[in-house]
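Each chain gets a letter, A, B and so on, in the order its sequence line appears, and its residues count up from 1.
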Amino acid sequence: EIHTNEKEATEKEVTLHLLPGEQLLCEASTVLKCVQEDSCQRGIYGKLVCTDFKIAFLGDDESALESDETQFKNKIIGENDIALHCVDQIYGVFDEKKKTLFGQLKKYPEKLIIHCKDLRVFHFCLRYTKEEEVKRIVSGIIHHTLAPKLLKRLFLFSYASAVHSNTPTNPKNHTVMFDTLEDWCWELERTKGSMKYKAVSVNEGYKVCERLPAYFVVPAPLPEETVSRFQGHGVPIWCWSYHNGCALLKMSALPREQDDGILQTHKNFLDGIYRVIHRPPYEIVKTEDLSSNFLSLPDIQTAYSKFKQLFLIDNSTEFWDTDIKWFSLLESSSWLDIIRRCLKKAIEVIECLDAQNTNVLLVEENASDLCCLVSSLVQVMMDPHCRTRAGFQSLVQKEWVAGGHCFLDRCNHLRQSDKEEVPVFLLFLDCVWQLVHQHPPAFEFTETYLTVLSDSLYIPIFTTFFFNSPHQKEMNLGREGQDAHSTPLHLLTVWDWSVQFESRAQTLLQNPLYVEKPKLDKGQRKGTHLKHQRQLSLPLTQSKSSPKRGFFREETDHLIKNLLGKRISKLINYSDELQDSFREFYDSWHSKPADYHGLLLPHIEGPEVRVWAQRYLRWIPEAQILGGGAVAMTSRLVGMMEEVRSLQEKINERHHHQRALPAEAPSLLRSSARLSSLFPFALLQRRPSKPVLPTSGWKALGDEEDLARREDEFVDLGEV
Amino acid sequence: MWWGGRGQSFNIAPQKEEPEMGETPLSSDYDFALVNIGQLEAVSSLSRVQLHRPGSLLKFIPEEILIHGRDFRLLRVGFEAGGLEPQAFQVTMAIVQARAQSSQNQQYSGITLSKAGQSSGSRKSPIPLLETPEDWETERKKQGANGWRVSLVNERFDVATSLPRYFWVPNRTLDSEVRRAFGHFHQGRGPRLSWHHPGGSDLLRCGGFYTASDPNKEDIRSVESMLQAGHSDVVLVDTMDELPSLADVQLAHLRLRALCLPDSSVSEDKWLSALEGTRWLDYVRSCLRKASDISVLVTSRVRSVVLQERGDRDFNGLLSSLVQLLSAPEARTLLGFQSLVQREWVVAGHPFLTRLGVTGVSEKAPVFLLFLDCVWQLLQQFPAEFEFSEFFLLALHDSVRVPDTLTFLRDNPWERGKQSGQFNSYTQVYTPGYSHPPAGNSVNAQLSVWDWDLRYSNEQILQFHNPGYDPERCQDSWLPRQQPSFMVRGPPSSVWLFSRGALTALNQLCPWRDSPCLLTVSSRWLPRPAISSESLADQEWGLPSHWGACPLPAGLLLPGYLGPQIRLWKRCYLRGRPEVQRGLSAPTITGLQDELSRLQELIEKWTPRTSPEDRSQKRDPNPILSQSC
């Protein structure tokens, strides 16, 4: 039978916490939230509520909350909250059968299963709820999550107008937003690209093109009118310059035309462009057409929807069933293979920029999907600045937000077309995770940072990921979009992490192993308005070269190359010439000690591309390792660093005869209890459910009758 | 290049490093024990042949030779570079011949090391080798196994040659009873204590019941009382149930080796299913799962848990060692782990020689390597709980094929003792108080694989320590909930069979009365069907379905054994693949050393220069690293 906490349900009414501008739409009481692995064996009574922002379950989980461990709480989305945009699928259970719910329902289910985009799974049992309330809540939830929506109806707008912006917008963590001409000029300065490229304001007010940002950068000799010729199509737009002067450019392809005359104009136009960028001082341009010869968006979509099913688990039985075939299921989703291909494409581009000294021009239909992915991956690998938090955030701003990635469509926030829903940005984060995982000391942020960033994609109070282009954002939120009399809107960017997390929780986003590159020449960088916080005055990590390795390496190098050649050529069948240079490049980089402040390449062989366990497994209690996991080592590291810091403080104190600063609160990780590998996410699901074993024959210990019956079983077993 | 045959190994090293050679015979990455050579290939621009037998003649002058190690290493030696072509042929054939000779000579004498002879004298073994009753007594006291005593009944190996000379039996059981009771077990391997849980439970191991025997009532009673070990609750664990057979393990290991070869034909996007196809990781997880179940059984109640495997020489050792690693923080220390391997594998008579196929006999199955992989998984999952490092496991992994000590070179303790001349003067009857085998030529007998300094430099040995180990963790009191233990001599009140992940009630312990041959049915490994969701841990502790803040008894580790949690031991298995040899994953001993010393450097750098007062006030942030070996 069902064990519940009826007592607490009656005694403790949990209050609904509403954000400014949030409205309660419907609710139902005596809903039973089932703890997922037991499927209805344990439940908590409470109220299920749907607002215009989230679905929330109000019930007090009695196993909750030791103050120490809830520190990583998200201030916006609670443990039992589901942002409406985070809902992936809704299922109803009718007579033990699970069906997808959508549209108008004739019959109402006895149980609601909600799959979330952050891979949580919720089970709400409605058997004890009044019929009317069931109808209201189920149809309410379905309507508000799955029905197509108008942009203007996004919660973002109600929130923005309801918040009284008496608090000034917080500093954006030094993130460059790339919405002003200065930002672009600054980036040009930083990468020393200003000699050959210039920031243009031809698109101010989006007169030329709605896809492009108001300001962007093009080759300096390019006349501004060429930009407007085909609404920005066919124009090479600067992404980033490498220190050798080579640049990464992108271009949205000219529309396909049948008419010979138009084709000829196109050709002439492009010829003109190429004449400009092929002439010195510009390097030779290599064109990389991402629309052909590379992934297609449907590929990504199919792979991810297969892949995520591995982690959206309704009950333990299902989990154990799939577990046996884990590796082949993983492989058949081909998600990891897609990651490998993205990483490989980025390395190919890098090889051109770094080894062959050529410019690379990425071409895609709108230059807003795979272009964003490849160009930002290239920058993460080549530019150490992009591996800092501020730098990474600026990169996302530059390539994805200003670059016009259609977040609204790709995340399907408005539920207008499932076809358009492709997790390109998530794919990017997963690729970055591979790099973070393989080279942890090179990044200022942690995998937890990437995970919460991926979650933030679905929280509609931040403007960052809720528009298709800067133009759309401007139209809807800018001065023009507003009524004259209304108060200025309070707009939040996702980079203001204090909105979601307390500062103590934010320490988990910061990699304790990261050491900032020592600045060699202070005078050189005076234009910088980026000041990284330097945590500790740690010296630069020594590279791992050692004289001991010297012998044999040189001697075997050419042999190894031969061998490597065979393997790699098996995995790619491009032209040999291209492959050779790629291989040599990849090969020689990996044979040298890694410089965490220089070019950074990932390993892309089969065994090296891995599942982002933290993001995908965090809600699965079966996958929990109590007292283990990477967090065990991290906590030890953090502990040691804290010790060092306190020692340093003591020394300073002695030196300056100052009063001691109040000791910093111990970090989240220093709690004495053993942490689980799911830290910091599924803290509350502390049930170790291992080993999962059948119960037959064990329950009634010592019960004579039972024992007799068991003896029969035992004989049966013998006969088998 | 320098080529030197030294009897059992050969070595290729740059000339400049030669002076070091005398120090550690197989220390360099380019040293291969001859027995370790799995395959030898000669390659020229025109052809590529494998050289198997001494008879197989090389018909060309090789440009390079490839030596595939059984331990997953790959050595490529090129000749064309240094004008060495003339020697190439000679060298290759010499290796072929040396290898052939070494495999003919089936009884390894072990090199037993000239070095050992030099430094001989009173060399004390770094860990108790459990070759004397005193060692056993000390160990028994350490475990607090008060209901047990050391039995000398097998002192002359007349109960069973595969059994250790000494072992633990219940206090009240007489030696004569032991002798009779053991006769009713397969190969005389009756129930012996493996480990006493501080909470009171006992973990026993024994062979299968010898069903053809016809014990009398008294014998049955002593068998029962030995299994029961004074507990009212007895669980018989069918060890082989849900575990792979020996042949399975061997096949999986071969497949794994083939997959990890640098020129394996698996393309990158099929890597995962190929890995799954080897089944090696499946076997690893089934071992972990079973060990995890058993440690719950041992920890949750005071009872006697008996591991029963027909031969009692393979998976019993694997499970019992894993259970101890999971439940006893002591076993996770460097010293504790080595004594564990010595006790549960070496002395307990795991047939290393046969299983590793050194002698070429059938019944090869690298059960011990499977065990090391399981331990590595634990190390990955609980990086702060183990005092030893991955490097230590690698060293142990590589040591099983190095013929310099007898530890892994014999099938049972009797042979090991015979070889080392331990029994030369064994005509006399045992006298209590007799302590050591006579000196004389038995110096080498005292050498074991645990004398790491024979083969590894001090710096390398330093790397055996895991810098992430938090010794304070295991200081916690970790006793399980104490339940009243009835030391009864009557029939046990509850007897269970643990199999298929479930407990089934048995109405008797021994098979001889009604239903024989239940336990002799060998079950093959099968995936466990997914059944209930309620966990054994929950039932065992009778806990409410939500556990409080401290759900597990401190000190007990429950490992993860799900698909995504089991990983490939890349540093070990992918050592032969050049693309993995570089960069991040330091593949070799030196690489590992570099990586660790880099870590240490980091830690050192984090520790700022402090005045002595400060130092004394603060705990040394890393006591492990500062303490010498």
Side-chain angles (χ1 to χ4, degrees), chain A residues 37-38 42 63 66 316-317 320-321 323-324 326-328 330-331 337 438 539 542 544 546 548 551 556 559-560 563-564 570-571 590-591 605-607 611 613 617 623 625-626 628 632-633 636 640 643-644 647-648 673 686-698 707 710-711 714 718, chain B residues 14 76 78 262-263 267-269 271-273 275-276 289 292-293 381-384 468 470 501-505 507 515 518 527 530-537 539 545-547 549 551-552 558 560 562-564 568 570 578-579 582-584 590 594 598 601 605-608 610 614 618 621:
Chain A
E37 77 267 30
D38 287 4
R42 183 168 91 89
S63 63
E66 270 171 64
S316 304
T317 321
W320 291 108
D321 281 346
D323 192 48
I324 294 292
W326 165 255
F327 281 117
S328 40
L330 187 61
E331 185 180 280
D337 196 44
Q438 292 181 15
Q542 284 301 305
K544 56 189 165 196
S546 143
K548 262 171 280 165
F551 153 65
T556 43
L559 303 173
I560 285 166
L563 210 61
L564 192 68
K570 248 176 270 152
L571 80 137
H590 280 296
S591 65
E605 292 86 17
V611 172
L617 291 175
I625 301 170
L626 269 172
M633 197 50 102
R636 179 129 174 84
M640 288 194 319
E643 226 159 284
V644 170
L647 280 176
Q648 272 177 336
R686 306 219 30 178
R687 267 169 55 71
S689 35
K690 280 163 288 178
V692 173
L693 295 169
T695 59
S696 62
W698 187 240
L707 230 106
R710 292 284 132 63
E711 276 169 29
F714 162 70
Chain B
R76 304 187 65 146
D263 47 1
S267 72
E268 298 295 343
D269 55 337
W271 161 262
L272 288 174
S273 52
L275 184 59
E276 183 176 88
R289 179 170 57 194
S292 158
D293 287 356
Q381 293 184 11
F382 303 97
D470 192 350
L503 288 163
T504 329
N507 48 359
S515 55
L518 173 78
I531 325 167
S532 153
S533 56
E534 222 173 320
S535 78
L536 179 64
Q539 299 157 33
S545 43
H546 51 279
W547 285 11
L552 284 181
L558 289 187
L562 305 178
L568 180 74
K570 281 189 257 173
E579 72 271 20
R582 257 108 16 87
L584 179 78
T590 29
D594 289 351
R598 205 173 66 248
E601 239 170 73
K605 279 172 185 166
W606 284 341
T607 317
T610 50
D614 260 350
K618 275 317 264 195

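- The CH2 atom of B/Trp271 sits 10.0 Å away from atom CD of A/Glu605, with the distance rounded to the nearest 0.5 Å.
- Contact check for A/Phe327 versus B/Ser273: no side-chain heavy atoms found under the 4.5 Å cut-off.
- Under the 4.5 Å side-chain criterion, counting only non-hydrogen atoms from C-beta, A/Asp323 is in contact with B/Pro564.
- Going from atom CG of A/Leu330 over to atom CG of B/Leu272 covers 5.5 Å, rounded to the nearest 0.5 Å.
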